[in-house]
Each structure stands twice: as C-alpha cells, then as structure tokens.
Amino acid sequence: MNPLVSDTQAEATIYAPWRSLGEKSCYSEDSLAETLDGGQSFRWQITDSGFWQGAWNSFVIQLRLKGDCLQWRAPRESTVPREEVLRYLAIDTSYEDMISELPWRSDSVLEEAIQSFHGLRILKQPLGETLFSFLLSSVKSIPQIKELCLLAAQQYGEEIIPGVHALPTWARLAEVEEVDLRKLKFGYRAKYVSATANRLVNEPEFLSIVEAAPYEEGRSLLMELPGVGGKVADCALLFGAGKLEAFPVDTWIAKALSARYNLNDWSLDQLATFGRIHFGRFAGLAQQFLFSFERKKAR
DNA sequence: CCGCAGCCTCCCCT
DNA sequence: AAGGGGAGGCTGC
C-alpha cells in the first residue's frame with residue numbers, strides 16, 4: 001500500500017544488520033519522532049515493524065531506538081557512509097553544549113519545552129531538498145506536504161531501491177511543465193517550483209553560495225527566489241544549511257510568542273528578530289522546542 | 001513601510 | 001447536503 005513501507009520478511013533480506021549510532025544519542029521515542037516527523041523533514045515514516053524509514057539524496061536508511069541506543073541500517077545493495085548518517089542527524093555536534101547556551105535558566109517557557117522534548121535536534125538535510133519541500137509548504141499541513149513530496153518523488157525522482165524514490169533534482173524539475181506539477185496537487189505552488197527550478201539551473205552555484213554565506217546574506221539570496229519569503233528562507237537555512245540562528249516564524253510560533261511572551265500585535269518579521277535576539281546563537285533550536293511544545297499542547 | 005485579498009486544494013465544520 | 005472557513009505563506013496592490 002504505502003511504497004515506503006516494506007513487509008517484515010523482505011526487510012530481513014534487503015537490509016544489512018542493525019548498527020549503533022552511539023549510546024548517548026539523548027533521544028526518547030518522543031523526541032526522535034518529533035525530530036524526524038515534526039515538520040523539519042517530510043521524508044520519514046514508520047514501517048510496519050515500527051522502525052523509522054527515511055531518504056535523502058540517494059540514501060535510504062532505517063532507524064530504531066533500543067533503550068538509549070540509536071541504531072541504523074541500510075539496504076545491503078546500497079552504500080551509505082556512517083558519516084553521512086551522523087551528519088544528517090546532527091549527532092556529531094555537541095548537543096548538550098548547545099542546550100546549555102540557550103537562555104532556559106531565565107526563561108521558564110523554554111525550560112519546560114526543552115524538558116518535554118529532550119533530545120530534539122535540528123537535522124542537516126540537503127539544502128536543495130529542504131528548499132523544495134518548504135516551497136510546497138505554504139498553507140499546507142504536515143501530512144499534506146509529505147504527500148506532495150511523495151508524489152513528486154514517485155513521478156520525477158530517481159528510484160533508489162525498489163519502491164523508494166529520491167526527491168526530484170532541480171534540474172529535473174526545470175524540465176517539467178508547470179501544468180504537470182499542478183496535476184501533482186501542487187496548486188499555485190507549481191509556479192514557484194517551476195520558476196525557482198529555472199533560476200537554479202541557470203545559476204548552478206546559487207545554493208552552494210547560499211550555504212557558504214553568513215545567515216543574513218543567505219536569507220536575502222534565498223528570498224530572491226519566487227515563492228520564498230522570510231519563513232520559507234529561514235526553514236531552508238535552519239533545516240538544510242545548518243544556520244542555527246535562523247528563527248522561522250509560522251503560525252504556531254507566532255501564537256506561542258504572542259501568548260507566552262506577551263508579544264501581541266507584533267509582525268512576523270518583528271517576531272523573527274525578537275527570536276534571534278532573545279534566544280541567541282542557537283535560536284533555531286529553541287524555536288523547534290517551542291514549536292513542538294505548542295503543537296503537543298494542542299493535541 | 002504597512003495591511004490586505006487572492007491564490008490551489010483539501011478537509012473539517014455547520 | 002451544500003457551502004463557508006482555515007490550513008506551518010507569498011505576492012502584488
């Protein structure tokens with residue numbers, strides 16, 4: 001039924017044995033789920049056997065939590081370097097040091113959010129893929145964005161292993177007519193994707209320039225792209241370029257800041273600036289805690 | 001500089 | 001049962 005999910009028997013033969021990614025991942029089932037499937041990435045889901053399965057670039061892996069130990073495995077036929085996995089999951093960075101630098105000691109709202117999602121991390125996804133998925137995100141819920149990504153992958157993405165497709169490259173997307181993207185339920189976002197694809201193909205260095213640039217400069221560059229405003233740019237920079245100071249302000253964060261920090265009638269831009277100043281160098285991580293916490297309370 | 005409707009489509013609500 | 005309102009925004013007026 002679901003193309004990303006294989007049955008239990010097939011899994012055993014297709015996949016290499018489980019390997020550890022480290023005893024001290026700090027993850028709980030909750031914070032792992034929130035990291036993989038809480039709005040940073042739209043490419044993870046639970047298999048029949050209860051593992052997480054996800055894909056980026058041409059990599060497919062599965063993850064599971066065995067006690068405190070995060071484990072991973074990849075299809076036998078594919079080559080997935082361990083370093084790639086560590087980098088994507090941001091396990092190589094000093095997590096506790098970042099937490100320590102957040103102002104939770106003087107901010108009880110943040111403190112409570114961190115406690116309830118300890119282990120939550122910011123992923124380091126490929127920038128191009130991150131930009132693509134957030135171009136589709138406007139006025140869409142997470143399940144809807146996941147479906148759009150899946151449709152695009154199945155239609156225009158390379159098949160990595162049987163049944164699992166990579167997201168389409170920007171080069172491929174540039175070849176696709178806007179009307180065909182609309183057929184994939186993209187709606188008015190089809191125009192953004194087509195126009196952005198054309199620009200990126202004409203300027204092949206664009207995304208690597210963005211990634212190498214300081215935060216503010218990268219943000220301005222991304223916002224030159226059609227369909228990319230402040231929020232989408234910040235999401236791409238935070239989840240796809242390792243710019244941890246980016247502070248995306250969506251409706252959830254706006255609601256949280258307004259209610260909990262008493263910032264009524266502030267514009268989205270003002271809230272983003274407040275977030276970067278108040279939460280500091282790792283504002284984006286604080287944002288993710290607040291975002292997850294706010295959504296949890298709504299459930 | 002600010003505020004606002006319109007944009008595709010799906011889903012939930014009455 | 002048909003129709004309105006809103007959903008992790010951006011653009012142009």
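In what follows, every chain begins at residue 1, and chains take the letters A, B, ... in the order their sequences are listed.
Using a cutoff of 4.0 Å between basic side-chain nitrogens and carboxylate oxygens, A:E294 and A:K255 are not scored as salt-bridged.
Nucleotide B:dC8 has no partner under the Watson-Crick or G-U criteria, as no pair reaches both atom distances under 3.5 Å. Under the Watson-Crick or G-U wobble criterion, with both distances below 3.5 Å, C:dG8 has no partner in any strand shown.
A:Q144 and A:S141 are linked by a side-chain donor-acceptor pair at a separation below 3.5 angstrom, with hydrogens and angles left out of the test. A:S138 and A:Y188 share a donor-acceptor pair across their side chains, judged by distance under 3.5 Å alone.
The CG atom of A:L136 sits 19 Å away from the P atom of C:dA7 (whole-angstrom rounding). Distance CZ (A:R295) to P (C:dA7): 14 Å, rounded to an integer number of Å. Atom NZ in A:K231 sits about 17 Å away from atom C1' in C:dT11, given to the nearest Å. Remark: C1' of B:dT9 and OH of A:Y192 are 14 Å apart, rounded to the nearest angstrom. Between A:F42 atom CZ and C:dA7 atom C1' there is a gap of 13 Å when expressed in whole angstrom units. Atom CG of A:L131 and atom C1' of C:dC10 are 14 Å apart (whole Å). Following rounding to the nearest Å, A:R189 (CZ) and B:dC8 (C1') show an atom-to-atom distance of 6 Å. What separates CD1 of A:I145 from P of B:dC10 is a distance of 15 Å, to the nearest Å.
The separation of B:dC11 from C:dC10, taken at their P atoms, amounts to 23 Å, rounded to a whole angstrom. Spacing between C:dG6 and B:dC4 at atom P, rounded to whole Å, works out to 14 Å. Across the P atoms, B:dG6 and C:dG4 are found 14 Å apart, a figure rounded to whole Å. A gap of 26 Å separates the P atoms of B:dC8 and C:dA2, to the nearest Å.
A close approach under 4.0 Å does occur between a side-chain nitrogen or oxygen of A:R182 and OP1 or OP2 of B:dC8.
Note on A:G39: a base of the nucleic acid sits closer than 4.0 angstrom, heavy atoms only. Within 4.0 Å of A:L135, counting heavy atoms only, lies no atom of the nucleic acid at all. Residue-level contact check: A:F291 touches the bases, meaning some heavy atom is under 4.0 Å from a base atom.
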Please step through salt bridge (Lys or Arg N to Asp or Glu O under 4.0 Å) for the pair A:E34 and A:R295, ending with a clear verdict. CA-CA 10 Å; A:E34 196 63 22; A:R295 290 176 72 231; 3.2 Å; yes
What do the steps show when you test A:E224 against A:R199 for salt bridge (Lys or Arg N to Asp or Glu O under 4.0 Å), and what is the final call? CA-CA 10 Å; A:E224 291 179 11; A:R199 167 117 194 231; 2.9 Å; yes
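Contacts between residues 239-255 of chain A and DNA chain C, defined by a heavy-atom separation below 4.0 Å, involve A:D250, A:T251, A:W252, listed by number.
Using cut-offs of 30° and 60° on the angle between ring planes, the pair A:F279 and A:F247 is parallel. A perpendicular orientation is assigned to the rings of A:H278 and A:Y261, their planes being inclined by more than 60° (bins at 30° and 60°).
Cation-pi check for A:K124 over A:F239 is not met; the charged atom does not lie both under 6.0 angstrom from the ring centroid and within 45 degrees of its normal.
Candidate nucleotides C:dG8, B:dC8, C:dC10 were compared by shortest atom distance to the side chain of A:Y188, and B:dC8 ranks first. Checking B:dC8, C:dC10, C:dG8 against every side-chain atom of A:V232, the shortest atom distance belongs to C:dC10.
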